[in-house]
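In what follows, every chain begins at residue 1, and chains take the letters A, B, ... in the order their sequences are listed. Remember, it's a predicted structure, so these values are computed and weren't measured experimentally. Atom set for the values below is all heavy atoms of this structure, side chains included, hydrogens, waters and symmetry mates excluded.
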Protein chains: 2
Amino acid sequence: MRDAVTSEALREAGLRATRQRTTVLDALRGRPDAITAQELHGELRGTGEPVGLTTVYRTLASLADAGLLDAIPREGEQAFRLCSDDHHHHLICEACNRVDELTAEEVERWVDAVASRRGFRVTGHRADIFGLCAACARS
Amino acid sequence: MRDAVTSEALREAGLRATRQRTTVLDALRGRPDAITAQELHGELRGTGEPVGLTTVYRTLASLADAGLLDAIPREGEQAFRLCSDDHHHHLICEACNRVDELTAEEVERWVDAVASRRGFRVTGHRADIFGLCAACARS
DNA sequence: CATGATCATGGAAACCGTTGTCAATTTCAA
DNA sequence: TTGAAATTGACAACGGTTTCCATGATCATG
Ligand SMILES: [Zn+2]
Ligand SMILES: [Zn+2]
Ligand SMILES: [Zn+2]
Ligand SMILES: [Zn+2]
């Protein structure tokens, strides 16, 4: 019963709780870094619960659609990370791919101010910081 | 001699001022929207100054490297737009691809505050607003 | 339990934006 | 003018992602 929460989350996302999907979602839990479909496929390949590459791609896309994952663009490919429901921004380490969530009142106010000043109808915005996390910077 | 400025800009970027490169850079002048390599290649195909697709790709990449262009990521591909030298953010219309530059003191302060608070070594940041420009919103 | 109807899986092939290859051409300093 | 070095462009290759489709799992319903 170690994946009761996982199955629940999948069902809430409107997805059947298959072995593959719970495996993918479980692999994401507690992981501080964003990971790509290919990387995840590689990691699962070794374990007793492999998941087809196509299925990993599909599952990550579905979970991101459902708002359970954030898509973190990386050089030429796309990485994913479990995220909270609420709107947030990111602190992204380019060395270890760790992603921390940030709330940013000043950014939200900036967006509103700019939009109303220029008659712009906002559908979304993005504000992320790239660099080296404390651990990576020290080495 | 209508492209004296263009040639000059190319040379400053460390690139020879060939017909193809001046054509590409001229096509970008005065254009309010970001455009992809394929789109630009298509537009130039009709004119008397066509440029090979590979060359368009290479030229846009070089100009972006030189800091003359901003790369604006679009669904699965990359669009480019002439930009100013100084650091700035973007107001991006998803309908007409118009891109306006924004300066944002609040954002810069936010980045510094977050970084110093979490011992993060910043190498870059991004803050862009997506939606519909005044013209597109009204239709 | 059947028993279909629907959804999910995964290997292989296709897709598509982009980059590499390389012979022919152009640029530019001397 | 001239030759070394840079540039061009048709074409092939690349790599992440998606599509195909035959097989297998899931889930109502009787
Ligand atoms: Zn790190
Ligand atoms: Zn925000
Ligand atoms: Zn617009
Ligand atoms: Zn900034």
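Rounded to a whole Å, the OH atom of A:Tyr57 is 8 Å from the P atom of D:dT18. Between A:Glu77 atom CD and C:dT18 atom P the separation is 15 Å, expressed in whole Å. In this entry the distance linking CG of B:Leu53 with P of C:dT18 reads 9 Å, nearest Å. Distance CG (A:Leu44) to P (C:dT9): 13 Å, rounded to an integer number of Å. What separates CG of B:Leu15 from P of D:dT7 is a distance of 7 Å, to the nearest Å. Atom CD of B:Glu49 is separated from atom P of D:dG9 by 12 Å (rounded to the nearest Å). Between the CG atom of B:Leu40 and the P atom of D:dG9 there is a distance of 13 Å, given to the nearest Å. Separating the NE2 atom of A:His41 from the C1' atom of D:dT17 is a distance of 14 Å, rounded to the nearest angstrom.
Between D:dT17, C:dG17, D:dT8, one nucleotide has an atom nearer to the side chain of B:Gln20 than all others, and that is D:dT8. Of all nucleotides listed (C:dG10, D:dT17, C:dA8), C:dA8 comes nearest to the side chain of A:Arg21. For A:Thr55, the side-chain atoms get nearest to C:dG10 when compared with the rest of D:dG9, D:dG16, C:dG10.
Using a 4.0 Å cut-off between charged nitrogen and carboxylate oxygen, A:Asp26 and A:Arg29 count as a salt-bridge pair.
Applying the 3.5 Å distance criterion, the base of C:dT27 shares a donor-acceptor pair with the side chain of B:Arg16. Remark: the B:Thr54 side chain and the D:dC11 base include a donor-acceptor N/O pair separated by less than 3.5 Å. Between the base of C:dG10 and the side chain of A:Arg58 there is a donor-acceptor pair shorter than 3.5 Å.
A single hydrophobic cluster is seen to contain both A:Ile35 and A:Val51, as judged by linkage of ILVMFWY side chains at heavy-atom distances under 4.5 Å, directly or through other members.
A perpendicular orientation is assigned to the rings of A:Trp110 and B:His89, their planes being inclined by more than 60° (bins at 30° and 60°).
As judged by a 4.0 angstrom heavy-atom cut-off over every strand, A:Arg11 is placed among residues touching the sugar-phosphate backbone only.
The environment of CZ in B:Arg45 is sparse: at most 12 heavy-atom neighbours from other residues, nucleotides or ligands sit within 6.0 Å.
Along DNA chain C, the nucleotide closest to B:Gln78 and the one closest to B:Arg19 are compared, and the more 5′ of them pairs with B:Gln78.
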Determine, stepwise, if the pair B:Leu28 / B:Leu40 fulfils side chain to side chain contact (heavy atoms under 4.5 Å, CB included). CA-CA 9 Å; B:Leu28 258 22; B:Leu40 184 49; 4.1 Å; yes
